[in-house]
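Step one of this worksheet: look at the structure below.
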Amino acid sequence: QVQLVESGGGSVQAGGSLRLSCAASGYTASTYSMGWFRQAPGTEREGVAAIRSDGISSYADSVKGRFTVSQDNAKNTLYLQMNSLKPEDTAMYYCAAVPRTALSTWGLLRREYYNYWGQGTQVTVSS
């Protein structure tokens, strides 16, 4: 059973940074793609950044140049470095995993492709 546990959320002022972590267990990193999604109240869950086991990554246009997704397979941990945060980045952030390695950069950000989800970590950015 794949389990995902997010951490690192919090409150920060606009322009600040946060690094989210997702500790994964019960899977083989080389056979999975991993992603970060977010959901603000009253909105749909959207893909933010994701990465395949071969290192190919994908980003939503709204975060390109500000967020960086990475993974440490030795630690089974996914990261999301978030810089230059804006109030519109405020949301619950979720880690997700799918046992597929050939998703396109478009597919990597589609929530319907993902099988496993963490409980989420809240990020709040004040102006």
Side-chain angles (χ1 to χ4, degrees):
Q1 181 72 13
V2 176
Q3 292 189 324
L4 305 171
V5 180
E6 303 94 335
S7 62
S11 297
V12 64
Q13 289 191 329
S17 298
L18 284 173
R19 189 176 81 156
L20 305 184
S21 299
C22 172
S25 61
Y27 83 129
T28 302
S30 62
T31 63
Y32 276 72
S33 295
M34 306 286 291
W36 288 100
F37 292 75
R38 67 185 181 188
Q39 187 170 19
T43 69
E44 293 188 349
R45 192 171 298 187
E46 63 174 355
V48 175
I51 189 167
R52 297 188 331 202
S53 59
D54 62 0
I56 297 296
S57 59
S58 182
Y59 296 90
D61 288 344
S62 59
V63 306
K64 282 181 181 176
R66 300 188 298 123
F67 290 11
T68 303
V69 61
S70 62
Q71 57 187 5
D72 184 334
N73 289 340
K75 296 182 179 179
N76 282 352
T77 302
L78 180 73
Y79 301 100
L80 184 67
Q81 178 66 44
M82 305 186 295
N83 299 328
S84 302
L85 282 161
K86 304 176 181 180
E88 51 263 44
D89 294 319
T90 295
M92 185 71 78
Y93 281 71
Y94 298 90
C95 174
V98 56
R100 294 174 65 174
T101 59
L103 288 173
S104 66
T105 53
W106 176 86
L108 281 169
L109 298 180
R110 303 295 296 183
R111 66 181 187 275
E112 57 265 33
Y113 288 156
Y114 286 79
N115 305 95
Y116 304 100
W117 294 87
Q119 294 300 307
T121 185
Q122 177 67 38
V123 171
T124 302
V125 184
S126 59
S127 58

Assess Arg45 against Trp117: is NZ or CZ under 6.0 Å from the centre of the six-membered ring, and within 45 degrees of the ring's axis? yes

Are the side chain of [X] and the backbone of [Y] linked by a donor-acceptor contact shorter than 3.5 Å?
X	Y	answer
Trp36	Tyr79	yes
Arg66	Ser84	yes
Glu6	Cys95	yes
Thr90	Thr124	no
Tyr32	Arg52	no

Give the intermediate values and the outcome of side-chain contact (heavy atoms from CB on, under 4.5 Å) for residues Met82 and Leu20. CA-CA 8 Å; Met82 305 186 295; Leu20 305 184; 3.8 Å; yes

Please step through side-chain hydrogen bond (donor to acceptor under 3.5 Å, both in side chains) for the pair Ser17 and Asn83, ending with a clear verdict. CA-CA 4 Å; Ser17 298; Asn83 299 328; 2.9 Å; yes

Return the minimal non-hydrogen interatomic distance between [X] and [Y], and the atom names on each side.
X	Y	answer
Ser53	Ser30	OG-O, 3.1 Å
Ala91	Ala40	CB-N, 3.9 Å
Ala24	Leu4	CB-CD2, 3.6 Å
Pro87	Ala14	CD-CB, 4.1 Å

Evaluate the criterion side-chain contact (heavy atoms from CB on, under 4.5 Å) for residue pair Leu18 and Val123; output intermediate values, then yes/no. CA-CA 9 Å; Leu18 284 173; Val123 171; 3.9 Å; yes

Are [X] and [Y] joined in one hydrophobic group, where the rule is that I, L, V, M, F, W and Y side chains link up if heavy atoms are under 4.5 Å apart?
X	Y	value
Trp106	Phe37	yes
Phe67	Leu108	no
Tyr59	Leu85	yes
Leu109	Leu78	no
Val69	Leu103	no

Calculate, to the nearest 0.5 Å, the distance between atoms [atom1] and [atom2] belonging to [X] and [Y] respectively.
X	Y	atom1	atom2	answer
Asn76	Thr28	CG	OG1	8.5 Å
Met34	Thr77	CE	OG1	9.0 Å
Leu80	Thr121	CG	OG1	11.0 Å
Ser21	Gln71	OG	CD	13.0 Å
Gln3	Gln119	CD	CD	10.0 Å
Ser62	Glu46	OG	CD	5.5 Å

The criterion is side chain to side chain donor-acceptor pair (under 3.5 Å); which residues satisfy it with Asn73, sequence neighbours excluded? none

Residue pairs passing the side-chain hydrogen bond (donor to acceptor under 3.5 Å, both in side chains) test where at least one lies in residues 91-104, sequence neighbours excluded: Arg38-Tyr93

Taking only Lys NZ, Arg NE, NH1 and NH2, and the carboxylate oxygens of Asp or Glu, determine whether Glu44 and Arg111 approach each other closer than 4.0 Å. yes

Charged N-O contact under 4.0 Å between Asp61 and Lys64: yes

Is the distance between the ring centroids of Tyr27 and Tyr116 under 6.0 Å? no

Quick one: does Thr105's side chain get under 4.5 Å of Ile56's, heavy atoms only? yes

Do Pro99 and Asn115 have side chains that get closer than 4.5 Å, going by heavy atoms? yes

